[in-house]
Amino acid sequence: MLTKGPYEATITEESILNYWLENKFFKPEYHPEKGLQTEAEMRADQRDPFTIVNPPPNAYMRPHIGNVSGYAYQDVLLRYNRLLGKKVLGQPGKDHAGIQGEVVVEKIFLENKKKSKQDLGREKFYKASYAHFQKLMPMVMADEKRIGLSSDYERNLFTLDPRVVNTILNTFVSLYSDGMVYKGVRIVNWDPVAKTTLADIDTERVERETELVYIKYPLKQEIDGINHITVATTRAETMLGDTAVIVNPKDERYKKLIGAIVVLPLTNREIPIITSERVESEFGTGAVKLTPAHSYDDYVMMNEWNSVAKENEKIGYINVINKQAKMYGPIPERYNGLSTEEARSKVLVDLEEQGLIEKKEAHTQSVMVGERSKAVIEQIMSSQWFIDVERLKQPAIEAVKSGKIQIHPKYMTKKYLTWMENLHDWPVSRSLWWGYRIPVWYKGELSEDIDEKGQVVETVGGEKVENINDAVNKGLAKIQIDPPGTTFAVIRHGATEHNQEHRLTGRIDTPLSESGIKECEIYANNLQESFDLIISSPQKRAFQTAEIIAAKQNSKPNIITDERLRERDFGIAEGKNWEELIAENPELAKSNSPLFQPELPEAETITEVESRVEDWIKETAEKYTGKKILVVTHAGVYRVIRRQLGGMNADESRTDIANLQMERYHIKEEGWIQDEDVFDTWFSSGQWPYATLRANNINDCFFPTDVMETGHDILELWVSRMIMLSLYTENKIPFKHVYLHGLVKAPDGQKMSKSKGNVIAPEEIITKYGADSLRLLYVVGNRAGSSYPVSYEKLEGYKRFLNKIWNAAKFVLSNLEDLNIDHLANTDIKNLNLAETDRTMLDHMNLLIADTTRRLDNFNLGIAAQELYDSFWHTFADIYLEEVKMRLYTKDKNGNPINTSEQEKQSRFAAQWTLYNCFREYLILLHPFIPFISERIWQDLPKTDKESKTIMYSRWPQR
RNA sequence: GGGCAGCUAGCUCAACUGGUUAGAGCAAUUCGUUUACACCGAAUAGGCUAGGGGUUCGAGUCCCUUGCUGCCCACCA
């Protein structure tokens with residue numbers, strides 16, 4: 001029974017959550033009538049799918065109240081669609097968080113173990129970080145559960161999970177083979193302390209007092225009595241790398257100097273005067289020294305100039321600062337090796353001596369520093385991996401323009417399109433250890449140097465390479481998932497039934513069972529690897545398996561059979577020879593086992609099998625060096641092969657799809673070194689929707705997904721990438737709708753941030769007001785895209801609303817106690833003696849159902865929730881319940897029986913009927929928003945046998 | 001500098017494609033109530049929807065314009 005007194009949200013919610021989890025209601029396998037199905041049954045289940053891939057939160061820290069808000073919106077949609085009768089999947093995940101993740105973990109190691117990442121070494125650091133993240137993930141997941149997010153936690157995935165690796169890396173390899181990946185020299189933000197390149201987002205700006213120095217650059221030839229041009233700079237030392245002086249083409253003062261040659265002081269290099277609209281004539285002298293290698297703006301201006309300039313007028317860059325932030329390259333010897341500050345002073349002294357300094361003035365400059373290291377960022381030229389987005393962006397623009405993907409709120413569409421249309425090539429490499437290491441292998445060490453002209457050059461094993469294609473062509477680089485060498489991927493044939501009978505007949509050529517074929521097909525569909533060759537046992541089932549897989553391979557590999565892979569004795573499957581097996585189980589000898597059929601080869605001992613398999617491996621590895629081979633055989637030989645390969649000091653990895661396990665063994669070729677960089681996190685999270693579903697082998701039933709729900713702040717960074725990569729890899733849109741929520745602000749309206757110390761933990765709110773109240777705060781009256789502050793007044797109000805529902809439930813249930821629920825369910829509305837107030841209530845209900853449905857369908861969650869709130873409280877509770885009371889009571893104040901006449905009884909029944917139906921519908925309508933309390937009351941609501949035991953799988957009311 | 005959004009009751013926000021008298025919560029004032037709920041109910045007050053102009057039978061909503069506020073992008077060498 002519902003307890004008397006105020007509603008105890010926290011206690012109730014915890015037990016309801018356990019009830020849901022224990023019954024596996026969050027799994028798409030759960031069916032309202034059939035209960036929990038197997039994965040195969042779920043796959044065959046004809047209900048419409050509905051999928052939301054949850055944006056993966058950072059796994060290293062517990063989310064704050066704003067991070068959790070998204071789950072509330074996602075869950076409203078998940079639960080609503082479940083009530084509509086769909087097969088619903090919420091796919092959760094946790095993010096490794098790139099640079100932030102690396103910094104956080106390193107700090108912890110430094111504090112706890114007094115070891116830096118260099119002390120640990122790359123491999124150990126990665127493993128330790130992985131373990132650390134695995135430990136933290138359940139904590140982050142606990143918060144997701146607590147807010148009620150009804151995602152399938154058993155399918156939760158970490159972004160670096162081995163099951164998603166192949167998908168992510170494969171995309172890069174295939175982008176490369178489609179000519180959409182290149183390595184190019186580009187200006188980067190280099191953090192000389194952290195020794196890494198930084199994305200702009202990982203930097204911040206600080207104000208610094210400095211001096212703006214006016215320097216005279218002499219002209220080679222005097223023009224109209226002018227013999228120099230004066231530039232203003234705060235970074236005099238970079239003049240050693242100047243390649244032009246740039247002025248605004250409209251600036252009258254310099255018009256006649258455009259195209260003139262300047263002799264750069266100190267180095268005596270000759271550089272031209274060129275133009276750019278970007279130069280502001282009012283600042284300094286209106287003439288700017290151009291150092292494309294060390295200033296992002298200059299770099300941009302160089303590219304712009306070069307894109308329109310004639311071939312002989314193009315300018316280049318000269319890199320004069322190295323990765324230690326020291327002066328380096330084609331510069332006078334006396335500056336070599338100085339820090340930038342030392343060089344600046346020295347340059348100024350030298351210029352002063354030559355009388356080239358016109359004046360100095362104080363200037364406030366904002367300099368870029370690393371967000372974590374606080375070190376001054378040097379912009380330098382470096383070779384980076386890029387993805388050419390030209391061919392990716394058009395389909396992604398089209399998908400949104402055509403309305404195949406809809407963005408809510410609609411005005412954000414423009415934000416997306418503007419960003420996409422201005423999108424430039426995407427630099428995807430990051431100098432980190434924590435992430436997907438770029439699958440490129442070099443024959444010898446890759447090194448990046450500055451040559452005598454200040455140009456970035458790369459060498460592989462000491463040999464200079466022009467670009468990555470050049471390196472590949474020369475055999476110095478390979479772009480592939482596995483390390484160079486021969487790869488054996490081993491699976492056994494696809495039969496699952498292993499009853500005794502099957503095993504006994506299995507050794508002769510029986511075909512795959514129906515379920516075996518199905519299993520193989522699922523496997524082949526979900527296999528994210530391509531093979532050069534398939535080698536199969538000549539036995540039927542193995543060969544069939546090989547054929548099914550080969551048919552799904554884009555590389556169309558040949559299948560060859562090898563007699564040595566034949567399994568001759570089922571006994572070795574158990575690791576025993578047949579004699580031992582019969583000794584254990586004498587019944588076998590009496591059976592019709594083909595084991596005793598004379599036409600078959602003799603059974604072997606394990607040693608014999610091992611020796612023939614060993615021969616085969618050696619021969620194959622030699623014959624097919626550098627290939628990737630899939631080996632398909634029967635279970636016993638399969639095990640022997642694995643054992644043998646495992647003993648060959650080879651790298652191992654394993655994937656399981658359906659009931660089939662694949663183990664890969666790389667027999668590495670000596671001398672190959674993998675690229676040191678990892679991918680930008682957006683490269684992996686940009687593949688998250690299909691990468692997760694593939695890893696769980698359910699891409700075929702749940703992709704494309706229905707809704708991507710996330711904060712509007714990462715529309716460009718994340719959503720755009722998912723659309724591009726999905727259209728490229730899957731040739732499908734990743735989702736049909738994008739719902740962008742606003743950001744939750746602190747109670748004072750300020751942005752919530754750790755540094756401001758105004759971060760609120762969800763736990764804090766939930767223990768005080770309940771998860772349902774918090775969900776209402778997120779949803780009620782808020783519209784997509786708009787930010788809103790945390791309001792304790794509102795939370796208080798929503799807590800009271802829950803209490804109102806609780807008490808209304810007590811009233812309704814206590815007045816239905818004498819009711820036969822089957823009788824009520826079978827009573828037609830026409831036979832009821834409805835009062836005016838009943839009809840008004842029922843009409844109101846019809847309207848409410850229609851409104852709520854329409855609003856949820858249109859993603860107007862805030863209005864839907866608002867109307868439900870108002871309707872329940874002010875129409876149902878305040879008006880209808882009050883009006884109906886006197887008809888329901890069976891005793892007056894003094895305990896005397898009332899409502900005893902036949903007419904009164906009929907009226908009472910009509911009231912009960914209306915009360916029951918409306919209340920029941922309210923619970924369902926409210927359930928997506930406040931799942932806990934609605935479920936708790938549902939448990940006590942009288943129900944017919946046909947009705948779902950959990951409100952999660954009840955039916956959305958139809959009108 | 002470019003783009004986007006916002007400006008509505010004292011405060012925080014709604015009003016879905018133009019359509020009754022612009023609504024909630026909190027705060028305020030008055031009254032009531034104990035067979036669901038004092039974590040309640042009823043009522044009152046509070047608005048030239050930032051200013052100005054336009055389109056329309058009709059504008060918070062569409063167009064123009066001015067002024068603030070916030071966010072994103074590009075940023076002074």
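Sequence lines set the chain letters: A, B, ... in the order given, protein chains first and strands last, and positions in each chain run from 1.
Comparing B/C72 with B/A27, their C1' atoms are spaced 36 Å from each other, to the whole Å. The same atom, C1', is picked in B/G18 and in B/G54; the two are 16 Å apart, to the nearest Å. Only the P atoms considered, B/U61 is 11 Å distant from B/G19, to the nearest whole Å. The same atom, P, is picked in B/C26 and in B/A22; the two are 22 Å apart, to the nearest Å. B/C11 sits 14 Å from B/A50 when the P atoms are compared, rounded to a whole Å. Rounded to whole Å, the C1' atom of B/A74 lies 11 Å from the corresponding atom of B/G3. B/U49 and B/C7 have their P atoms separated by 13 Å, with the value rounded to a whole Å. As rounded to the nearest Å, B/G10 and B/A28 have P atoms that lie 15 Å from one another.
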Report task. Take A/F876 and A/Y922, measure what ring-ring contact (aromatic ring centres under 6.0 Å, His included) needs, and give me the verdict at the end. Result -> CA-CA 9 Å; A/F876 183 68; A/Y922 268 118; 5.0 Å; yes

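Counting to the nearest Å, the P atom of B/C40 and the NZ atom of A/K885 are 14 Å from each other. The interatomic distance linking A/L881 (CG) with B/G41 (P) rounds to 11 Å, in whole Å. B/C37 atom P lies 11 Å from atom CD of A/E882, rounded to whole Å. In this structure, CH2 of A/W419 is placed 7 Å from P of B/A74, rounded to the nearest angstrom. With rounding to whole Å, A/L423 atom CG is found 19 Å from B/C72 atom P. Taking atom CE of A/M886 as the reference point, atom C1' of B/A36 lies 15 Å away to the nearest angstrom. Rounded to whole angstrom, the span from the CE atom of A/M420 across to the C1' atom of B/G3 amounts to 17 Å. Straight-line distance from the OH atom of A/Y299 to the P atom of B/A74: 15 Å, rounded to whole Å.
For the pair A/E883 and A/K885, the salt-bridge criterion is not met [side-chain N within less than 4.0 Å of a carboxylate O]. With respect to the salt-bridge test (charged N to carboxylate O, under 4.0 angstrom), the residues A/K250 and A/E277 qualify. For A/E421 and A/K401, the salt-bridge test passes: some basic side-chain N is under 4.0 Å from an acidic carboxylate O.
Base pairing of B/A74 is not made with any nucleotide, judged by Watson-Crick or G-U wobble geometry with both donor-acceptor distances under 3.5 Å. Both distances falling under 3.5 Å, in either a Watson-Crick or a G-U wobble arrangement, place B/C40 opposite B/G32. Under the Watson-Crick or G-U wobble criterion, with both distances below 3.5 Å, B/C57 is paired with B/G19. Here B/G6 sits opposite B/C68 as a Watson-Crick or G-U wobble pair (both hydrogen-bonding atom distances under 3.5 Å).
The side chain of A/Y411 approaches B/C4 more closely than any other nucleotide in the set B/A74, B/A36, B/C4. For A/N803, taking side-chain heavy atoms from C-beta onward, the closest of the listed nucleotides B/C37, B/A36, B/A77 is B/C37. You'll find that the side chain of A/K414 is closest to B/C4, out of B/A77, B/A36, B/C4. Taking every side-chain heavy atom of A/Y889 into account, B/A36 is the closest of B/A36, B/A77, B/C39.
Between the side chain of A/E8 and the base of B/C39 there is no donor-acceptor pair of N/O atoms closer than 3.5 Å. In the interface, the side chain of A/K415 is not paired with the base of B/C72 through any donor and acceptor atom under 3.5 Å apart.
Contacts of A/Y296 with the nucleic acid, taken as non-hydrogen atoms under 4.0 Å apart, involve only primed sugar atoms and P, OP1 or OP2. At the heavy-atom level, A/K891 lies under 4.0 Å from base atoms of the strands shown. At the heavy-atom level, A/A809 lies nowhere under 4.0 Å from the strands shown.
Of the residues near RNA chain B, A/Y7 and A/N807, the one whose nearest nucleotide (by heavy atom distance) lies more toward the 5' end is A/N807. The residue among A/T233 and A/D878 whose nearest nucleotide of RNA chain B is located toward the 5' end is A/D878.
A/Q406 and A/G403 make their closest contact through CG-O, 3.6 Å (heavy atoms, listed as atom of the first residue, atom of the second, distance).
A/T243 contributes a side-chain N or O that, together with a main-chain N or O of A/G316, makes up a donor-acceptor pair within less than 3.5 Å.
Between A/Y299 and A/Y317, the distance from one ring center to the other does not fall under 6.0 angstrom. A centroid separation of less than 6.0 Å is found between the aromatic rings of A/F801 and A/Y869. Between A/H737 and A/F859, the distance separating the two ring centers is shorter than 6.0 angstrom.
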Requested in this report: Sugar-phosphate atoms are those with a prime plus P, OP1 and OP2; base atoms are the rest. Using that split, label each nucleotide of nucleotides 11-27 of chain B B, S or - for protein heavy atoms under 4.0 Å, 5' to 3'.
Outcome: -BSSSB-------SSS-

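In this structure, a donor-acceptor pair under 3.5 Å is present between the side chains of A/Y80 and A/D857.
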